[in-house]
Every structure is written in structure tokens, then in C-alpha cells.
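Since the structure comes first, as C-alpha cells, the remarks are kept for the end.
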Amino acid sequence: MISDFSQLQNNCNDCKDKSCAAAILHPAELEIVSKNSRETDFKKGDILVQAGSMTSNIIYLKSGLVKEYIKSATDKEQILQIVKKYTYLGLPSQFGDRVNHYSYAALTDVKVCYIDVNVFNKLIRENGNFAYEILVSVSRDSLYNFHRFMNQSQKKVYGRVADAILYFSRIIFDQESFELPFTRQEFADLIGVSRESSTRVLLKFVAEGLLSIQGRLITIEKMEMLETISKNG
DNA sequence: CCATTAATTTAGT
DNA sequence: ACTAAATTAATGG
């Protein structure tokens, strides 16, 4: 297997998948990023980062979906969030520590860009607008996720399932009908309940006409009802 | 390369 | 935990 790596020079100026932050970089800065970054593909199911590993490169998600998760000592998985394209993975770990606190695995086939951490840090220090955009995205994430976890800790299974459905519909796909990128196990791991109770509720929602489900294809039929359940737990 | 079958994973009870 | 169904990997032509 012979690869010609010289063909792989990135051209960030022409990149159509730039982050909000990267979009405001000057051409000269993007030129530096081009020379210090590389695009790679991952297949569905591949692990991009293992929790506990050293942070080395900045990873930018260009396309596809990624789950951010941790495993407990007993190998139970807790999924923290789903990462959409056009976001950087694990910035809190990058800036807050030297090791990755979470693991990342591809839910779909995925394209990422590895960016040299020194170059990235230099941009943060030297370009305030860039740094500002990064800070905005990290803060939004953090606010949103905290609300999700706070809500979750107060709600029962019904509310949590409704939340997760709304999460996919509003945040991830922005549609009322979507293909779940998850197994039922992962769906349960996202909301912190057993697979059994999660499917039980899912099927109950179908029986009551709130949802229709064919395999992994989920369609919301009664949005208001779901919102009410989400609100009242 | 495609078709069968074996093995693993997933979903529901 | 167990079974059925579905998905994926291995085998052979």
C-alpha cells in the first residue's frame, strides 16, 4: 500500500467546510493552517479519541456525526452529547488539561481535520476575533449541555425519552423526521436509563400516536404532546 | 466479482 | 436473560 502524501497538502483557503472561527481568519493565517493540518476519513464505528489519551492535535469535524462519551468502571457507557459537523472536538480537554477527558467515536462515516495544536494556540493568542468565535462555540455547548443534564436528573424515563427525541429533532437534524444514528442501547446510554425501559417508553409513544418508528427512522407525529411530556417529566 | 452461509449485533419481551 | 431478526464477516466459486 503506497500512498503519495505529497498529494495531501490541505488548502484551507478553498475549504467549504470552515468553522465560524476559521471563516474569519486572514488568508495568510489560513495558509499556515494549510501547512499544519491534514484531512482524514473515519468509518462508522471507528474510535477517534480514547479518553485518557494525551491531547495532541486539534480535531475539527468536517462532516458526519460523532458521539462524545465516557465509560464507567463497569463498562457502562454514558453519552454526553452528539457532535455535529463544523465543530472542534474536545476543546475543554485541550485547554483545561493535557489528557482527553472524553472518548469520541464516529456514528457515521466522518471527515475530520487534524490541526497542529501549536498553530491553533498561536491563532487563539494572536487573533482575538478567532478566539472570540471559539469561546462562543465552547460556551454554547457548555450551557446547552448543562441544561440537558440538569433536566435529566430531575426527570423520569418518559421525560428523558421525550427530551432525547426533541434533542435529535431540533438540535441534531432540525427536522421532525430523522434516521436515528444510534442503536437502542446507545439511545438509552444518552439519557441514562436501561435499554429496556427506554424501548418500553418508545413503544408506548408509538402506541399513543406521538411518534412513528420504522427501524431507526423516527417521525414525530404530535410535537406539542412531546413538548408537554418533556416539560413535565 | 457475486452468492451462501456463518457469526455477531441488535431489538423486543 | 432469551429469542428472533438483522446486519456484517467469511468462505467458496
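So you know, we letter chains A, B, ... as the sequences are listed, proteins then strands, and number each from 1. Fair warning: this is a prediction, and the values are worked out from it, not measured in the lab.
Considering only residues two or more places apart in sequence or on other chains, A/Asp41 meets the salt bridge (Lys or Arg N to Asp or Glu O under 4.0 Å) condition with A/Lys111. For A/Lys71, there are no side chain to side chain donor-acceptor pair (under 3.5 Å) partners, not counting sequence neighbours. With sequence neighbours excluded, the residues that form a side-chain contact (heavy atoms from CB on, under 4.5 Å) with A/Arg140 are A/Val136.
Between A/Glu196 and A/Arg200 there is no salt bridge, since none of the side-chain N atoms of the basic residue sits less than 4.0 Å from a carboxylate O of the acidic one.
Under the ring pair (Phe, Tyr, Trp, His ring centres under 6.0 Å) criterion, the residue pairs touching residues 182-220 of chain A are A/Phe168-A/Phe182, with sequence neighbours excluded.
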Quiz item: What one-letter contact string describes nucleotides 4-9 of chain C from 5' to 3', where B marks a base within less than 4.0 Å of any protein heavy atom, S marks contact via sugar-phosphate atoms alone, and - marks no contact?
Solution: ------

Quiz item: When every nucleotide of nucleotides 6-13 of chain B is labelled 5' to 3' by its protein contacts under 4.0 Å (heavy atoms), B for base, S for sugar-phosphate only, - for none, what sequence of letters results?
Solution: ----SBBB

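For the pair A/Ser37 (side chain) and A/Val33 (backbone), a donor-acceptor distance under 3.5 Å is present.
Ring pair A/Tyr88/A/Tyr60 is tilted by interplanar angle, where 30° to 60° counts as tilted.
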